[in-house]
Amino acid sequence: MSLLFSRASLASLGLALGLSALCLSPVMAQETAPAAAAPADAAAPAAAPVDPNTVIATVNGQPLTEADLVLAEGELSQQFAQLPPEQRRAAALSAAIEIRVMAGKAVTDGLDKDPDFQRRMAFLQQRALHGEMVEKGVVDKVTDAEVRARYDQEIANTPPVNEVHARHILVKTKEEAEAIIKQLDGGADFQKLANEHTSDPSGKSNGGDLGWFGPGQMVPEFDKAAFALDVGKYTEQPVQSQFGWHVIKLEDKRAKQPPAFDDVKDQAKQAVIRDKYFALVKSLRADAKVEIPDAKLKQAVDTLESAK
């Protein structure tokens, strides 16, 4: 999904530095005696559901709940990535406490009244609400039927494409290629000649077999010659490419099968989300009164909007 849909990280540089110290703890832990390992056949007990309102700490008399901790873990997940799972909860709580005490000091010092801070807070709130609207108003409303319909639409709109199964013999000179074609004209076996003469290392033991490939997967000269052949035929003239001179034989041809739905359903869902998102934005922009006094800037913005 586009970064447009990502939630902003709340970590400051100071917090990141504080968390980096925690990441050293696994190394230190290696110097202590390891805990006794649980029996391999012991089943882990199911975790009991946790009340999000459970108070797990108080900071200057203010409760810090399980829900607050979950939020901290989610927002600071990148900072916790190097920590083992059993340490992440403690790290998240430490980070949440650090945020609380630093925020409290900032309020005491009047930093929350600073005009630049208030503008930034207003923007962050709007950005967070934008993210909520995307999640609740777009992503959560996408149905399986819409995703399947988008897949079917893409398949229907994709022109049928053939793919071919070919072999080739690669040599350094045109004369060598012409000599091989002459042997083929005389009834020589293509695979045997490939094993004997091709300079393509991958083709020396499989008769020059290239397997199945579609348009554009080979260099242009080779691609054009291979797709022009009838099944069972070989090129009557050597084909030159950047690799040398080729003699090509077409083994078979078939219609390329579209990807299975399960293999591309995530891409199909993202396409539905994108379309729904831009449709919603277009509708909201149409109802909004937007004025841009700078004519040059307005033209640039209009150009960007028209491309969406």
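All values below come from the heavy atoms of this structure, side chains included, with hydrogens, waters and symmetry mates left out. Position 1 is the first residue of the sequence; numbering continues from there.
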- In plain terms, say whether E146 and R150 are close enough for a salt bridge, that is, a side-chain N and a carboxylate O under 4.0 Å apart. no
- Task: Indicate yes or no for a side-chain donor-acceptor contact from T65 to the backbone of D68 under 3.5 Å, with no hydrogens or angles considered.
- Result: yes
- Query: Quick one: does S283's side chain have a donor or acceptor within less than 3.5 Å of a partner on L280's backbone?
  - Reply: no
- Query: When clusters are formed by joining ILVMFWY residues with side-chain heavy atoms under 4.5 Å apart, either directly or through shared neighbours, do I248 and Y234 land in the same one?
  - Reply: no
- M218 with L229, same ILVMFWY side-chain cluster at under 4.5 Å: yes
- Query: Judged by atom type as modelled, is there a donor-acceptor pair below 3.5 Å linking the side chain of Q118 to the main-chain atoms of D112?
  - Reply: yes
- Query: Is the closest basic N to carboxylate O distance between R89 and E66 below 4.0 Å?
  - Reply: yes
- Message: Do L93 and L76 land in one hydrophobic cluster if side-chain heavy atoms of ILVMFWY residues count as linked below 4.5 Å?
- Response: no
- Heavy atoms of V142 and K276 approach each other most closely as CG2-CD, 3.9 Å
- Query: Charged N to carboxylate O under 4.0 angstrom, D152 versus R148?
  - Reply: yes
Considering only distance and modelled atom types, tabulate donor-acceptor pairs under 3.5 Å from the side chains of residues 204-216, sequence neighbours left out.
residue, atom, partner, partner atom, Å
K204, NZ, T198, O, 2.6
N206, OD1, G208, N, 3.2
N206, OD1, D209, N, 3.2
N206, ND2, S202, O, 3.3
N206, ND2, D209, O, 3.4
D209, OD1, H165, NE2, 2.7
D209, OD1, G211, N, 2.9

- Task: State which residues pass side-chain hydrogen bond (donor to acceptor under 3.5 Å, both in side chains) with S241; sequence neighbours excluded, sorted by chain then number.
- Result: H246
- Give the minimum heavy-atom separation between L250 and A226, together with the two atoms involved. CD1-O, 4.0 Å
- Identify the two heavy atoms, one from Y151 and one from P259, that lie closest to each other, and give their separation to 0.1 Å. OH-O, 2.6 Å
- Decide, yes or no, whether a salt bridge links K182 with D185 under the criterion of side-chain N to carboxylate O below 4.0 Å. no
- Determine the minimum heavy-atom distance between F227 and N162, stating which atoms define it. CE2-O, 3.5 Å
- Query: When hydrophobic residues are tied together by side-chain contacts of less than 4.5 Å, even through go-betweens, does L69 share a cluster with V50?
  - Reply: no
- Ignoring hydrogens and geometry, is there a side-chain-to-backbone donor-acceptor pair from R100 to P63 under 3.5 Å? yes
- Check: D302 main-chain N/O paired with S306 side-chain donor or acceptor under 3.5 Å: yes
- Using the test side-chain hydrogen bond (donor to acceptor under 3.5 Å, both in side chains), find all partners of D252 that sit at least two apart in sequence or belong to another chain. none
- Could you tell me whether a side-chain N or O of D109 sits under 3.5 Å from a main-chain N or O of L111, the two making a donor and an acceptor? no
- Task: For the pair R167 and E251, find out whether any cationic side-chain nitrogen is under 4.0 Å from an anionic carboxylate oxygen.
- Result: yes
- Query: Looking at A177 and V171, what are the two nearest heavy atoms and their distance?
  - Reply: N-CG2, 3.6 Å
